[in-house]
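Handing you this structure, nothing more for now.
Along the sequence shown, the residues carry numbers beginning at 1. This one's a predicted model, so the numbers in the text were calculated from it and none came from an experiment.
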Amino acid sequence: MKTFLPLTSRRQLLLSGLALALLPKQRAQAKEEDATLKLTPRPHRQASRSVIPAATGKRIVMIDPGHGGIDSGAVGEEGSEEKHIVLEIANNIRRLLSEHPRIEVRLTRESDHFIPLYERVEIAHQHGANLFMSIHADGFTSPDASGASVFALSNRGASSAMARYMSEKENAADAIGGVKVQEKDNYLQQVLFDLVQTDTIKNSLTLGQHVLKQIRPVHHLHSQETEQAAFAVLKSPSIPSVLVETSFITNPGEERLLGSTAFRQKIASAIVDGIISYFDEYDSHNRRPA
């Protein structure tokens, strides 16, 4: 039986401690950060934790279409760009999930613009997200690589050579936008980070298995289990987070699939079913007597 671990009280503890620990550093870097972030449209920056749907009882799901703007992501043989395809898939996910009465969906980006990896995580925290999912359609050095994969964070090394390659490739996205990751990634404050990270990763792995189970009947899987690596975009200390590689855009056959409306809707529907299944199991577990 999978174990779901409550994060609310630990999240509050961590965020309170994190704010105190980072306050001097944030003041010192305020001018530099403002100058950098003005280069990027940021529609969600004014959101606060007041948007947590306590009154409605809805869960907030943050969908993150990978790449954007100057960062096109992987490019297929026929010229398809990852950034456009994953935004279409993310919009399909939002449309389908919005039909669920107890889920509210947000996107980290709704247009073709660049967002640093650390800010994608920050947006999820500002909106009080209960779940974070980054959507990709990545590439590999060989056109033969195919299938869907789901990744969770690892703080102990990658689970495979492919997972290591993918994380290094995705983490390099900030360099395209001129962002210095080590200077901006406030979630790497290790002492506070470790307070809840192990529990968050366990929940992320469970979420990954639910998504894989739903994708398996509709599309070939590259990895049968949830892989793990040090993806910067998954480094929320308190929000279960996964990265979904829907297909390899560098595989000619899968590039054609990704270009079809039918496939984008089909893969989005499978992802949505995985998210709902995850929440259903979480609720079922927490209704059981101790």
Between CG of Leu234 and CD1 of Ile239, what distance do you get to the nearest 0.5 Å?
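So the gap between those two atoms works out to 11.5 Å.
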
Can you pull out every salt bridge (charged side-chain N to carboxylate O under 4.0 Å, His left out) where at least one residue sits in residues 127-136? Sequence neighbours excluded, please.
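Sorted pair list comes back empty.
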
Are any of the side-chain nitrogens in Lys83 or Asp112 under 4.0 Å away from the carboxylate oxygens of its partner?
yes

Drop me the distance from Ile63's CD1 to Leu97's CG, to the nearest 0.5 angstrom.
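The distance works out to 6.0 Å.
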
Any chance you could lay out the side chain to side chain contact (heavy atoms under 4.5 Å, CB included) test for His127 and Met62, step after step, and finish with the verdict?
CA-CA 8 Å; His127 284 257; Met62 184 63 66; 3.8 Å; yes

Just to verify, what does Glu225 make a side chain to side chain donor-acceptor pair (under 3.5 Å) with, not counting sequence neighbours?
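Side chain to side chain donor-acceptor pair (under 3.5 Å) list for Glu225, sorted by chain: Gln209.
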
Throw together a table of side-chain donor-acceptor distances under 3.5 angstrom for residues 142-151, partners on residues two or more places apart or in other chains.
from, atom 1, to, atom 2, distance (Å)
Ser142, OG, Asp144, N, 3.1

One pair to check against side-chain hydrogen bond (donor to acceptor under 3.5 Å, both in side chains): His210 and Glu281. What are the steps and the verdict?
CA-CA 10 Å; His210 278 275; Glu281 186 176 341; 2.6 Å; yes

The criterion is side chain to side chain contact (heavy atoms under 4.5 Å, CB included); which residues satisfy it with Ala152, sequence neighbours excluded?
Ser204, Leu205, Thr226, Gln228

Run the side chain to side chain contact (heavy atoms under 4.5 Å, CB included) check on Met133 and Val211 step by step: do they pass?
CA-CA 11 Å; Met133 181 176 289; Val211 174; 3.8 Å; yes

Can you see which heavy atom on Glu77 is nearest to which on Glu255, and at what distance?
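For Glu77 and Glu255, the tightest heavy-atom pair comes out as N-OE1, 3.0 Å.
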
How many angstroms lie between atom CD1 of Ile267 and atom CG of Asn92, to the nearest 0.5 angstrom?
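Answer rounded to 0.5 Å: 11.0 Å.
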
Any sub-3.5 Å donor-acceptor pair from Thr206's side-chain atoms to Lys202's backbone N or O?
yes

Restricting to salt bridge (Lys or Arg N to Asp or Glu O under 4.0 Å), what partner residues turn up for Arg94, sequence neighbours left out?
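With neighbours one apart ignored, the set is Glu110.
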
Quick check against the 3.5 Å criterion: does Glu82 have a side-chain atom that pairs as donor or acceptor with the backbone of Ala137?
yes

Ile60 backbone acceptor or donor facing Asn130 side chain under 3.5 Å
yes

Once rounded to the nearest 0.5 Å, what's the spacing between atom NZ of Lys58 and atom CD1 of Ile103?
9.5 Å

Are any side-chain N or O atoms of Arg264 and backbone N or O atoms of Leu258, one a donor and one an acceptor, separated by less than 3.5 Å?
yes

Shortest non-hydrogen separation from Ala232 to Val121 and the atoms involved:
O-CG2, 4.0 Å

Please give me the minimum heavy-atom distance between Leu153 and Ala230, naming the atom from each residue.
CD1-CA, 3.9 Å

Non-neighbouring partners of Phe140 that pass ring pair (Phe, Tyr, Trp, His ring centres under 6.0 Å), sequence neighbours left out:
Tyr165

Taking all non-hydrogen atoms of both residues, which atom of Leu212 and which atom of Ser223 are closest, and how far apart?
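For Leu212 versus Ser223, the nearest heavy atoms are CD2-O, 3.8 Å.
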
In one Ile/Leu/Val/Met/Phe/Trp/Tyr side-chain cluster, 4.5 Å: Val75, Val86:
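Different clusters.
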
For residues 66-107, which residue pairs qualify under ring-ring contact (aromatic ring centres under 6.0 Å, His included), counting only residues two or more places apart or in two chains?
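Those involving residues 66-107 are His67-His136.
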
Separation between CD1 of Ile275 and CG of Asp280, rounded to the nearest 0.5 Å
12.0 Å

Go through the structure and list residues passing side chain to side chain donor-acceptor pair (under 3.5 Å) with Asp64, not counting sequence neighbours.
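Only Thr108, Arg120, Ser134 meet the side chain to side chain donor-acceptor pair (under 3.5 Å) criterion with Asp64.
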
When the side chains of residues 213-221 are checked against the rest of the protein, which donor-acceptor pairs come out under 3.5 Å, sequence neighbours left out?
from, atom 1, to, atom 2, distance (Å)
Arg216, NE, Gln224, OE1, 3.4
Arg216, NH2, Gln224, O, 3.3
His219, NE2, Ser247, OG, 2.8
His219, NE2, Glu254, OE2, 3.4

Which pair of heavy atoms, one from Pro240 and one from Thr200, lies closest together, and at what distance?
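Here Pro240 and Thr200 meet closest at N-CG2, 3.8 Å.
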
When you measure from the side chain of Arg109 to the backbone of Phe114, do you find a donor-acceptor pair of N or O atoms at a distance under 3.5 Å?
no

Side chain to side chain contact (heavy atoms under 4.5 Å, CB included) between Tyr278 and Asn203, worked out
CA-CA 9 Å; Tyr278 167 78; Asn203 286 340; 3.7 Å; yes

For Glu78, check salt bridge (Lys or Arg N to Asp or Glu O under 4.0 Å) against everything at least two apart and list the hits.
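Partners of Glu78 under the salt bridge (Lys or Arg N to Asp or Glu O under 4.0 Å) test: Arg256.
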
Chi angles and distances behind the side chain to side chain contact (heavy atoms under 4.5 Å, CB included) call for Ile135, Thr246:
CA-CA 7 Å; Ile135 305 297; Thr246 55; 4.1 Å; yes

When rounded to the nearest 0.5 angstrom, what distance separates NZ in Lys235 from CG in Leu117?
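Rounded to the nearest 0.5 Å, the NZ-CG separation comes out at 10.0 Å.
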
Ser269: partners by side chain to side chain donor-acceptor pair (under 3.5 Å), with sequence neighbours left out:
none

Tyr118 versus Val233: any side-chain heavy-atom pair under 4.5 Å?
no

